[in-house]
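All remarks here apply to the structure that follows.
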There are 2 protein chains.
Amino acid sequence: MATGRPRTFDNTEALKSALQVFWQKGYEGTSLSDLTEAMKINRSSLYATFGSKEQLFNQALDLYFEGPPKLTSAAFNESTARAVAERFLHVTADSVTNPSTPRGCLTIRGAIACGEDAESVRQELVSRRVESEMALRHRFEQAKSPGDLPAGSDPAALARYIMTIAEGMSIRAADGSTREELQDVIDIAMQAWPT
Amino acid sequence: MATGRPRTFDNTEALKSALQVFWQKGYEGTSLSDLTEAMKINRSSLYATFGSKEQLFNQALDLYFEGPPKLTSAAFNESTARAVAERFLHVTADSVTNPSTPRGCLTIRGAIACGEDAESVRQELVSRRVESEMALRHRFEQAKSPGDLPAGSDPAALARYIMTIAEGMSIRAADGSTREELQDVIDIAMQAWPT
DNA sequence: ATAGTTTTGAACCGAACGTTTCAAAACAAA
DNA sequence: TTTGTTTTGAAACGTTCGGTTCAAAACTAT
């Protein structure tokens, strides 16, 4: 049973607001004033609840990975390697142009934006992205045996290719590209797929 | 004829040093102390010579565009649209993995890293990148008449595609990808080219 | 030498940064 | 009502930020 003065904000709602701000401005581009304003809590409550700016960012990051990145995993249910790749790109294009969230990918913006003092944050973000590439690669390797992919094709290179397109789309979305423009890119990109 | 106390630094050498720092840390990630240390000049000289941090950045940007981006323009001398695209990507891959410069592209890193107070800087960087895309598009449009590109192909979409690959490679390079890995990506990417 | 001009170095500016402190406020339990 | 506990709001901490000021320094011209 809770005692003492009750808090005036919802914990996860505040975290969602923090995520939006970090997503939009990057880690170092976000100030404490930005956060307290968006989360509608004061500094004392922020530090009592979330620890510090960096700890808050890490918690917001965990929340983020339950969102857009999680959606791409649905692509792995497709039956062919080609369908997996195409679906992966489509989900990515939808995510990075979602009008109800900031544009682009938090991990890319965050990893590039942060200075050397936040190097540990950067490494975390990069390795998370490498995991996605490895998942794609693994799926493509499995596709070779049933002849789903030609014998000569290189699963690792294909996974790199798809991730490069996805990351490029994230940049373009942040620059203002529309979902339709990214769809055009995907249409062309998939023509490179081995048959 | 120059009079007064002679300056102790070389103007363009100092600008080169500033470029390196901006390239590595982004606009907002670079402090005045970072700059004066790298350029080996003090604040007074910096402001007397270059005006302000933002004006210094713009001058460093001009210098940058005489470097890596200029090299990509050599691609436009190729005789076919396909060769232009492939050369453009190869030059980009070489640039973003050049061991004697920071990894990745200054315009991408700078545009993503900066907050809203540096919005004018961001716009400048984005528009510079749009210019590259427009140059590619224009070259591809010219390629349609001699049958260099199939009648059904979309020069604008192809230019977007090539730029997306280039921007994706820049991110990967910043994350640590090698030149060879990027070459593999280009090999696959060019298979999408219309015949 | 002397005067005139430009650069240098260091101190300083107000503002904003992330973080901490603490008394007043708002509740439950006694 | 009193006591105990927790949150709140605001003020303040030291540091760093981009930018400025100014006297001393280092040169050329007279």
Side-chain angles (χ1 to χ4, degrees), chain A residues 1-15 17-19 21-22 24-61 110 113-122, chain B residues 1-15 17-19 21-61 110 113-122 124:
Chain A
M1 192 57 184
T3 175
R5 178 172 176 173
R7 57 178 48 166
T8 61
F9 63 93
D10 180 69
N11 204 306
T12 61
E13 279 304 316
L15 193 56
S17 300
L19 170 57
V21 182
F22 279 131
Q24 199 169 347
K25 304 191 170 191
Y27 175 68
E28 293 189 334
T30 301
S31 70
L32 260 293
S33 300
D34 292 334
L35 290 168
T36 54
E37 185 184 356
M39 301 166 77
K40 297 196 185 79
I41 69 178
N42 57 40
R43 288 158 123 85
S44 309
S45 304
L46 192 155
Y47 274 81
T49 309
F50 301 102
S52 69
K53 185 189 178 186
E54 183 168 345
Q55 291 174 42
L56 173 61
F57 180 75
N58 285 328
Q59 294 172 60
L61 205 58
C114 65
E116 56 212 5
D117 51 336
E119 177 64 18
S120 62
V121 172
R122 198 188 75 89
Chain B
M1 192 56 184
T3 175
R5 179 172 174 173
R7 57 178 48 167
T8 61
F9 62 94
D10 180 70
N11 205 305
T12 62
E13 279 304 316
L15 194 54
S17 301
L19 170 57
V21 181
F22 279 130
W23 198 340
Q24 200 168 347
K25 303 193 169 193
Y27 175 67
E28 291 192 334
T30 301
S31 70
L32 261 293
S33 300
D34 292 333
L35 289 167
T36 53
E37 184 183 356
M39 301 166 78
K40 296 197 186 78
I41 70 178
N42 56 39
R43 288 159 123 84
S44 309
S45 303
L46 192 155
Y47 275 82
T49 310
F50 301 103
S52 69
K53 185 191 177 186
E54 183 168 342
Q55 290 175 42
L56 172 61
F57 180 76
N58 284 328
Q59 292 172 62
L61 205 58
C114 65
E116 58 210 3
D117 52 334
E119 177 63 19
S120 62
V121 172
R122 198 189 75 89
E124 167 75 10

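Below, all heavy atoms of this structure are taken into account, side chains as well, without hydrogens, waters or symmetry copies. Letters A, B, ... mirror the listed sequences (proteins, then strands); counts begin at 1.
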Please enumerate all protein N or O atoms sitting under 3.5 Å from an N or O of nucleotides 1-5 of chain C, with distances to 0.1 Å.
none

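Separating the CZ atom of B/Phe22 from the C1' atom of D/dG18 is a distance of 11 Å, rounded to the nearest angstrom. The distance from atom CG of B/Leu46 to atom P of C/dT6 is 19 Å, rounded to the nearest whole Å. For B/Ile41 and D/dG19, the CD1 to C1' distance is 14 Å, given to the nearest whole Å. One can place OH of A/Tyr47 at 9 Å from C1' of C/dT20, the figure rounded to the nearest angstrom. Look at CG on B/Leu32: it is 18 Å from P on C/dC12, rounded to the nearest Å. Going from atom CZ of B/Phe9 over to atom P of D/dA26 covers 16 Å, rounded to whole Å. If you measure from atom CE of B/Met39 to atom P of D/dG18, you get 13 Å, rounded to the nearest angstrom. If you measure from atom CG of B/Asn42 to atom P of D/dT21, you get 16 Å, rounded to the nearest angstrom.
For the pair B/Lys53 and B/Tyr27, the cation sits on the ring face: its NZ or CZ lies under 6.0 Å from the ring centre, inside 45° of the axis.
A/Thr49 places no side-chain N or O within 3.5 Å of a backbone atom of A/Leu46 that could act as its donor or acceptor partner. Side-chain atoms of B/Asp34 come within 3.5 Å of backbone N or O of B/Ser31 as a donor-acceptor pair. Here the side chain of A/Gln59 pairs no donor or acceptor atom with the backbone of A/Leu15 at under 3.5 angstrom.
For B/Ser17, the side chain to side chain donor-acceptor pair (under 3.5 Å) test picks out no residue, with sequence neighbours left out. Contacts of B/Thr8 classified as side chain to side chain contact (heavy atoms under 4.5 Å, CB included), with partners at least two apart in sequence or in another chain: none.
Contact annotation for B/Thr49: no contact, since no heavy-atom pair falls under 4.0 Å across all strands. Residue B/Thr30 is classed as a sugar-phosphate contact, given heavy-atom separations below 4.0 Å to backbone atoms only.
Atom CE of A/Met39 is separated from atom CZ of A/Phe9 by 7.0 Å, given to the nearest 0.5 angstrom.
Ranked by how close their nearest DNA chain D nucleotide is to the 5' end, B/Lys53 and B/Pro6 are led by B/Lys53.
Under 4.0 angstrom from either OP1 or OP2 of C/dA10 there lies no side-chain N or O belonging to B/Ser44.
Within 3.5 Å, no donor on the side chain of B/Arg43 pairs with an acceptor on the base of C/dG9, nor the reverse.
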